[in-house]
Amino acid sequence: MKEELIIKAYEIARERYAALGIDTDKVLAQMQDFHLSLHCWQADDVIGFENAGGSLTGGIQTTGNYPGRARNIDELRADILKATSLIAGTHRLNLHEIYGDFQGKKVDRDEVTVEHFQSWIDWAKENNMKLDFNSTSFSHPKSGNLSLSSPDEGIREFWVEHTKRCRAIAEEMGKAQGDPSIMNIWVHDGAKDITVNRSLYRQQFKKSLDEIFETKYDNMRDCLESKTFGIGLESFTSGSLEFCVGYCAANDKIYTIDTGHYHPMENAADKVSSLLLYVPELMLHVTRGVRWDSDHVTIMEDPTMDLFKEIVRADAIDRVHYGLDYFDASINRIGAYVIGSRAAQKSMLCALLEPIATLRQLELEDKGFQKLALLEECKSMPWQAVWDMFCLKNDVPVGNEFIPEIEAYEREVTIKR
């Protein structure tokens, strides 16, 4: 009976959207091609599998101590598969280097090879999941305040070697999966208080990146991510917006928009059309910054909705890679995956359901009242019926039916850890 109601509601929604010139069947097909890159670090609070372990350093912080954190590679993989079973469509997995399969051996970050990720490559293939990758410069004895920006050549060369090896691993991932692995570089480098050597540190950072990118690969793509500041590094950041955008534009690299890495009054959506005039593609790390880069779970708030709408309005769907990046340890972690993923998908769905052609024409004809009125009416169109049909077609829970499934998994699995 419930399936019949979903289908009936969808048929009504299809007619209403057709009156606006929108083919909802086409939109559902587009949604099947919308693949998120899920971040592995939500499952274990960014701890990873290095022997050293320890607390986070490098200007980032995880808050909360909800029970059931994944403690090893098997638990983390099980949690990710549980989450993806509740998310419509097929998706990618984004790994940080510290999540290698080290088999209990101490492997320093300038020694890592594809051998330490072969089991991930095999696992991903078995589960119809493609991999993306990240170098990891934080939470290490040689991290300090500066890694690739360090004036200490020994420290700088250590991190250059680490990042080169990460690119080589991403290349092998891409080759094995027949699709480029998108590798992101973000470093925490900065200063807590006033610095007089900004130019030196940024020169060092550029020098490091130039060395890292000397080897050209065919099966991976490079991203560079900026940030405004990190906790304990509030006064200066080597990889500022201007530095990273300039480097990407000059070197044909993908620029990563992390929605928590800007001033709270900045609108990440406004950056899309400008950046795509100068860089080949964009990578998204979608998060929810509450007052700062606090990595709250993504929800359907205005900044997220605006970002996806701008991508569609800019005809840039195929020039953007869609990743999530938050690590909330205060709530059920699998629930956090599902809430954030579904919110991103709903945001994209609403963006695809806008009558773009009509809205563009109204604006070009300077019909401001009509355009604003139509935008407002779109908010109350029955997009939820289209969303329910998307979930039904993908055989995942409709509405809030995923909640008891996650509660059962917690009772049977995670609470026993």
Side-chain angles (χ1 to χ4, degrees), residues 37 39 41 58-60 92 94-97 109 131-138 143 146-150 156 159-171 173-174 180-190 198-199 201-217 219-230 233 236-262 266 268 271-272 274-287 293 307 316 319-325:
S37 188
H39 52 311
W41 48 95
I60 56 177
R92 305 169 72 94
N94 197 8
L95 293 172
H96 250 287
E97 181 275 337
R109 295 190 197 171
L131 299 174
D132 295 319
F133 203 50
N134 301 261
S135 56
T136 310
S137 67
F138 52 83
S143 291
L146 300 169
S147 59
L148 291 177
S149 309
S150 178
R156 190 188 71 83
W159 291 111
V160 167
E161 180 64 22
H162 164 74
T163 315
K164 284 182 176 180
R165 286 172 175 260
C166 288
R167 292 185 74 233
I169 293 167
E171 169 71 6
M173 287 177 172
S181 178
I182 312 301
M183 190 189 124
N184 189 55
I185 297 175
W186 169 76
V187 296
H188 58 279
D189 297 24
R198 292 172 186 260
S199 180
Y201 303 143
R202 287 186 172 132
Q203 287 171 19
Q204 291 291 92
F205 193 15
K206 181 181 183 302
K207 177 182 175 182
S208 295
L209 291 174
D210 290 344
E211 293 175 12
I212 288 164
F213 296 136
E214 281 176 354
T215 301
K216 307 301 179 185
Y217 291 117
N219 300 287
M220 61 84 65
R221 302 292 306 280
D222 296 298
C223 305
L224 188 59
E225 178 180 355
S226 70
K227 192 169 186 178
T228 301
F229 74 96
L233 302 168
F236 165 72
T237 301
S238 294
S240 64
L241 171 67
E242 295 79 8
F243 177 95
C244 292
V245 170
Y247 193 93
C248 289
N251 295 278
D252 202 34
K253 301 298 181 185
I254 299 172
Y255 176 74
T256 299
I257 293 178
D258 185 307
T259 54
H261 283 193
Y262 306 100
E266 282 189 280
K271 303 180 188 302
V272 172
S274 293
L275 287 165
L276 286 175
L277 293 173
Y278 302 102
V279 301
E281 298 172 38
L282 298 174
M283 178 74 199
L284 300 186
H285 279 190
V286 186
T287 183
D293 181 33
L307 178 61
R319 295 181 65 191
V320 179
H321 306 275
Y322 304 89
L324 301 178
D325 183 8

Open item on the list: Give me the atom names and distance for the closest heavy-atom approach of Trp159 to Arg109.
Closed with: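 In this case the closest contact between Trp159 and Arg109 is CH2-NH1, 3.8 Å.
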
First locate atom [atom1] of [X], then atom [atom2] of [Y], and finally report the distance between them rounded to the nearest 0.5 Å.
X: Cys166; Y: Asp222; atom1: SG; atom2: CG; result: 11.5 Å
X: Met220; Y: Arg167; atom1: CE; atom2: CZ; result: 4.5 Å
X: Ser149; Y: Gln204; atom1: OG; atom2: CD; result: 8.0 Å
X: Ile254; Y: His321; atom1: CD1; atom2: NE2; result: 4.0 Å
X: Phe229; Y: Ser240; atom1: CZ; atom2: OG; result: 14.5 Å

Quick check: does any side chain N or O of [X] sit under 3.5 Å from a backbone N or O of [Y], one acting as donor and the other as acceptor?
X: Ser143; Y: Ser137; result: yes
X: His162; Y: Thr136; result: yes
X: Arg202; Y: Thr237; result: yes
X: Thr228; Y: His261; result: yes
X: Ser135; Y: Ile185; result: no
X: Arg198; Y: Phe236; result: no
X: Arg221; Y: Glu281; result: no
X: Glu171; Y: Asn219; result: yes

What I'd like to find out is whether the side chain of [X] reaches to under 4.5 Å of the side chain of [Y], using heavy atoms alone.
X: Trp186; Y: Asn134; answer: no
X: Phe205; Y: Val187; answer: yes
X: Tyr247; Y: Leu209; answer: yes
X: Leu146; Y: Tyr201; answer: yes
X: Leu275; Y: Arg319; answer: no
X: Ile182; Y: Cys223; answer: yes
X: Leu307; Y: Val272; answer: yes
X: Val160; Y: Leu148; answer: yes

- [ ] Please lay out, stage by stage, how Gln203 and Ser199 fare under the test side-chain hydrogen bond (donor to acceptor under 3.5 Å, both in side chains).
- [x] CA-CA 6 Å; Gln203 287 171 19; Ser199 180; 2.9 Å; yes

TODO: Could you walk me through whether Tyr262 and Ile257 pass side chain to side chain contact (heavy atoms under 4.5 Å, CB included), step by step?
DONE: CA-CA 9 Å; Tyr262 306 100; Ile257 293 178; 3.9 Å; yes

Open item on the list: Apply side chain to side chain contact (heavy atoms under 4.5 Å, CB included) to residues Leu276 and Leu282 and explain how you reach the verdict.
Closed with: CA-CA 7 Å; Leu276 286 175; Leu282 298 174; 3.7 Å; yes

Task: Aromatic plane relationship, Trp41 with His96 - under 30° parallel, 30 to 60° tilted, over 60° perpendicular - done: perpendicular

Open item on the list: Between the side chains of Asp258 and Lys227, is the shortest nitrogen-to-carboxylate-oxygen separation below 4.0 Å, so that they form an ion pair?
Closed with: no

- [ ] State whether Arg156 and Glu211 are salt-bridged, where the test is any N-O pair (Lys NZ or Arg NE/NH1/NH2 against Asp/Glu carboxylate O) under 4.0 Å.
- [x] yes

Task: Donor-acceptor side-chain pairing of Asp189 and Ser147 below 3.5 angstrom - done: yes

Check salt bridge (Lys or Arg N to Asp or Glu O under 4.0 Å) between [X] and all other residues, then give those that pass, not counting sequence neighbours.
X: Asp132; value: Arg92
X: Lys164; value: none
X: Glu225; value: none

Task: Ring-face cation contact, Tyr255 with Lys271, 6.0 Å cut, 45° max - done: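 Judged by the rule, Lys271 and Tyr255 form no cation-pi pair.
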
TODO: For side chain to side chain contact (heavy atoms under 4.5 Å, CB included), just list the numbers for Lys206 and Asn251, CA-CA rounded to whole Å, side-chain angles, deciding distance to a tenth of an Å, and then say yes or no.
DONE: CA-CA 11 Å; Lys206 181 181 183 302; Asn251 295 278; 5.9 Å; no

